[in-house]
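No hydrogens, no waters, no symmetry mates; every other heavy atom, side chains included, goes into these values. Protein chains get the first letters and strands the later ones, always in sequence-line order, with residue 1 at the start of each.
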Number of protein chains: 2
Amino acid sequence: MIKHATIKDLAQALGISKSTVSRALADHSDVKPETKRLVLEMAEKMNYRPNPYAQNLIRRRSKVIGVVVPEFVNSFFPRIIIQIQKVFEKEGFNVLITQSGESAEIELKNLHLLENSMVEGIILSVTEKGRNDEYYRRLIDNGIPIVFFNRPSNEVEASKVVIDDFRMAFFAVEHVLYANGTKRTRPLHLMGPKGIFNSATRHQGYKEALSKHGIDPAPDTFVQCRDISRECGFETMNAILDGDRIPDAVFCFNDQLAIGALKAIKKRGYRIPEQIAVMGFSESQSALLTEPQLSSVAQPLDLIGETAANLLLEKIKNPDAPDRTVVLDARINIRESTDVRPQQ
Amino acid sequence: MIKHATIKDLAQALGISKSTVSRALADHSDVKPETKRLVLEMAEKMNYRPNPYAQNLIRRRSKVIGVVVPEFVNSFFPRIIIQIQKVFEKEGFNVLITQSGESAEIELKNLHLLENSMVEGIILSVTEKGRNDEYYRRLIDNGIPIVFFNRPSNEVEASKVVIDDFRMAFFAVEHVLYANGTKRTRPLHLMGPKGIFNSATRHQGYKEALSKHGIDPAPDTFVQCRDISRECGFETMNAILDGDRIPDAVFCFNDQLAIGALKAIKKRGYRIPEQIAVMGFSESQSALLTEPQLSSVAQPLDLIGETAANLLLEKIKNPDAPDRTVVLDARINIRESTDVRPQQ
DNA sequence: GTGAAAGCGCTAACAA
DNA sequence: TTGTTAGCGCTTTCAC
């Protein structure tokens with residue numbers, strides 16, 4: 001680290017006291033304008049930069065927040081993070097980004113790291129496997145507010161930003177049940193693994209839609225995937241296609257599974273969407289790359305990030321601010337995997 | 001921020017002096033084992049955490065490094081960043097990640113932010129538009145080492161991690177010139193824009209390969225793209241296909257351009273790779289999603305990240321360490337866009 | 001309007 | 001082996 005000019009250096013150069021310099025720099029009212037001008041000029045001249053560590057020490061705050069996401073190799077989380085950074089940059093905060101790689105253990109390690117860095121708050125999307133509920137709670141009790149997004153913890157009271165997974169799943173399923181203008185009778189849900197919060201909720205939406213449209217949500221209308229990867233979607237769909245009940249409408253927990261499923265279906269020569277319609281969820285960048293292009297539910301990523309950031313900011317500025325859960329609307333993007341009819 | 005127990009609290013609780021506590025915590029040799037034990041126990045009991053800002057202040061270092069990348073929405077940079085984090089986490093560093101969105105202005109802002117955060121070093125991939133060469137130099141002169149990767153600055157002396165773009169482009173072009181077992185005679189290079197370092201180098205490799213194989217690298221064998229997006233690839237390729245000279249082998253500056261080009265070519269009904277072979281560069285996640293799958297040059301992302309991190313660490317530990325440029329080997333991944341013959 | 005002095009939490013001489 | 005003291009760079013009383 002470079003030895004920058006300090007407040008003391010400025011004071012000496014100007015022949016005044018440290019405190020006056022400090023006041024001038026902080027733009028206090030009780031400094032003679034002339035003095036202020038001189039200080040500012042000298043600061044410029046000597047390329048003065050306040051030492052944030054000295055400031056943090058005395059102010060008892062770090063001006064750093066932490067973000068914990070399962071991964072940032074897909075575009076989903078990065079897009080959200082960008083907004084978070086935007087909001088906090090304006091407020092003079094740094095953002096520490098960590099990723100848990102879908103492991104509760106690494107997530108815990110990340111939380112430790114953030115805690116040791118004295119972050120003033122954390123924005124977190126829970127990792128796939130397991131939970132660190134007690135630790136979340138401990139952090140909150142210790143005065144480090146947490147805002148959950150995308151995948152909240154159900155057990156912990158905190159502000160949350162989510163979309164209404166139940167409702168969106170319901171609509172998505174309704175759409176795929178009448179995909180391409182044909183009423184479907186053999187739906188299938190490629191479910192996410194149990195551990196994930198949204199998994200059960202989306203499944204509820206699925207079952208509800210089936211019931212509404214007169215289809216029995218029997219056990220053969222859904223299958224649980226081991227994880228939420230492309231590979232798993234491919235394998236699971238393959239296994240299904242090996243069986244007796246060939247579905248005509250597939251609703252997938254996420255786009256990755258859907259992309260894998262698409263591949264399996266195409267390989268067998270089924271026509272999409274005529275014979276089998278496929279619907280993804282939570283819009284990945286890849287949805288536009290597949291053939292056919294994948295219909296999906298697009299979450300408002302920018303808004304999620306912005307909202308989560310603002311909720312955290314609120315908590316940081318006022319620790320007594322109440323927990324708030326913001327439910328955002330998502331959008332169903334209809335593409336070729338459910339509809340190849342000419343655009344309306 | 002929570003009021004944690006301080007070293008002073010521990011000292012009081014144990015009835016000993018601050019310095020002994022400090023020494024015990026730091027595992028100095030000249031502390032009675034018994035005392036050390038007591039201190040450690042009490043630290044545990046009172047949930048003591050050293051205040052990093054006090055430590056930073058006195059040690060005159062931040063234990064933070066910065067990363068500046070053009071974007072992290074595609075998987076390319078995130079994969080590299082993950083490795084950087086891994087290396088620096090082991091050394092007890094935090095990593096501040098910033099993205100410039102292909103704007104030299106934002107890049108400069110990011111550098112300011114990092115400088116103000118007193119980072120001990122920066123790992124940087126230069127943004128597409130313009131350069132901040134003087135500022136890089138200033139940072140380095142001020143004792144903040146910079147390691148460039150992927151897109152280095154040519155004007156600044158610093159450690160760099162790159163792949164041999166010339167050589168890899170050469171090999172990639174050789175491959176596409178004989179794609180699918182057919183000698184091609186009408187190659188085309190979708191070049192990146194001028195501003196990007198690698199753009200010219202890859203073009204050199206292209207021309208060299210053409211010459212070696214008896215093709216005149218005439219002006220109609222290449223075209224410069226406005227940017228490096230899918231859209232631009234699509235439009236540029238469309239314009240080419242509107243012309244007289246229909247290429248039979250297309251070498252693209254990157255995968256995004258290639259994916260756009262693929263789309264344009266397919267739309268016109270040309271068969272890939274039989275009529276037109278397409279080669280990407282620098283392997284995006286999407287290369288496996290297109291149809292046909294895209295042949296590309298895969299950079300060793302993990303190794304790039306690890307190497308860049310280690311080079312920076314070297315500089316941080318020893319500011320007099322010489323600048324080093326590490327040239328890594330990439331790999332050509334042959335897929336359907338250049339070869340549909342049965343796998344060897 | 002300005003300066004002197006104390007202190008944030010920590011480390012590191014220097015003594016004892 | 002331990003305690004005392006000073007000081008990192010900054011802010012903020014409390015005087016004047």
With respect to the phosphate group of [N], does any side-chain polar atom (N or O) of [X] fall under 4.0 Å of OP1 or OP2?
| X | N | answer |
| --- | --- | --- |
| R60(B) | dG9(D) | yes |
| Y48(B) | dC10(C) | yes |
| T20(A) | dG3(C) | yes |
| S17(A) | dG3(C) | yes |
| T35(A) | dT2(C) | yes |

Which residues pass the ring-ring contact (aromatic ring centres under 6.0 Å, His included) test with [X], not counting sequence neighbours?
| X | value |
| --- | --- |
| Y135(A) | H112(A) |
| F72(B) | none |
| F93(A) | F88(A) |

From [atom1] of [X] over to [atom2] of [N], roughly how many Å is that when rounded to an integer?
| X | N | atom1 | atom2 | value |
| --- | --- | --- | --- | --- |
| L14(A) | dT2(C) | CG | C1' | 14 Å |
| I16(B) | dT2(D) | CD1 | C1' | 9 Å |
| I58(B) | dT11(C) | CD1 | C1' | 4 Å |
| L57(B) | dC8(C) | CG | P | 13 Å |
| Q55(A) | dC8(D) | CD | C1' | 14 Å |
| M118(B) | dC10(D) | CE | P | 8 Å |
| N56(B) | dT11(C) | CG | P | 11 Å |
| D30(A) | dG3(C) | CG | P | 12 Å |

> Starting at the 5' end of DNA chain D, which residue's closest nucleotide do you reach first, A54(B) or L25(A)?
Replying inline: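 First, find each residue's nearest nucleotide; the 5'-ward one identifies A54(B).
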Looking at residues at least two apart in the chain, or sitting in another chain, which of them share a side chain to side chain donor-acceptor pair (under 3.5 Å) with [X]?
| X | value |
| --- | --- |
| R324(A) | E314(A) |
| D302(A) | none |
| S159(B) | none |

If you restrict it to nitrogen or oxygen atoms, what contacts under 3.5 Å exist between nucleotides 13-16 of chain D and the protein, and what is each distance?
none

>> Taking Q99(A)'s backbone N and O only, do any of them form a donor-acceptor pair with N110(A)'s side chain (distance below 3.5 Å, no angle check)?
In response: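 Side chain of N110(A) to backbone of Q99(A): a pair is present.
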> Of all the choices, dG1(C), dT1(D), dC10(C), which nucleotide is nearest to the side chain of K32(B) once you look at every atom?
Replying inline: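 Of the options given, the side chain of K32(B) lies nearest dT1(D).
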> Quick one: do the S153(B) and D133(B) side chains pair a donor with an acceptor below 3.5 Å?
Replying inline: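 Their side chains do contain a donor-acceptor pair, which is all the 3.5 Å distance test asks for.
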> What residues form a side-chain contact (heavy atoms from CB on, under 4.5 Å) with D227(B), not counting sequence neighbours?
Replying inline: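 Partners of D227(B) under the side-chain contact (heavy atoms from CB on, under 4.5 Å) test: E128(B), S229(B), C232(B).
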> CD of Q83(B) to CG of N310(B): how many Å apart, nearest 0.5 Å?
Replying inline: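 It comes to 10.5 Å.
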> the helix from dG1(C)-dC16(D) to dA16(C)-dT1(D): angle between its terminal axes, five pairs each, to 10°?
Replying inline: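 Both end axes considered, the difference amounts to 40°.
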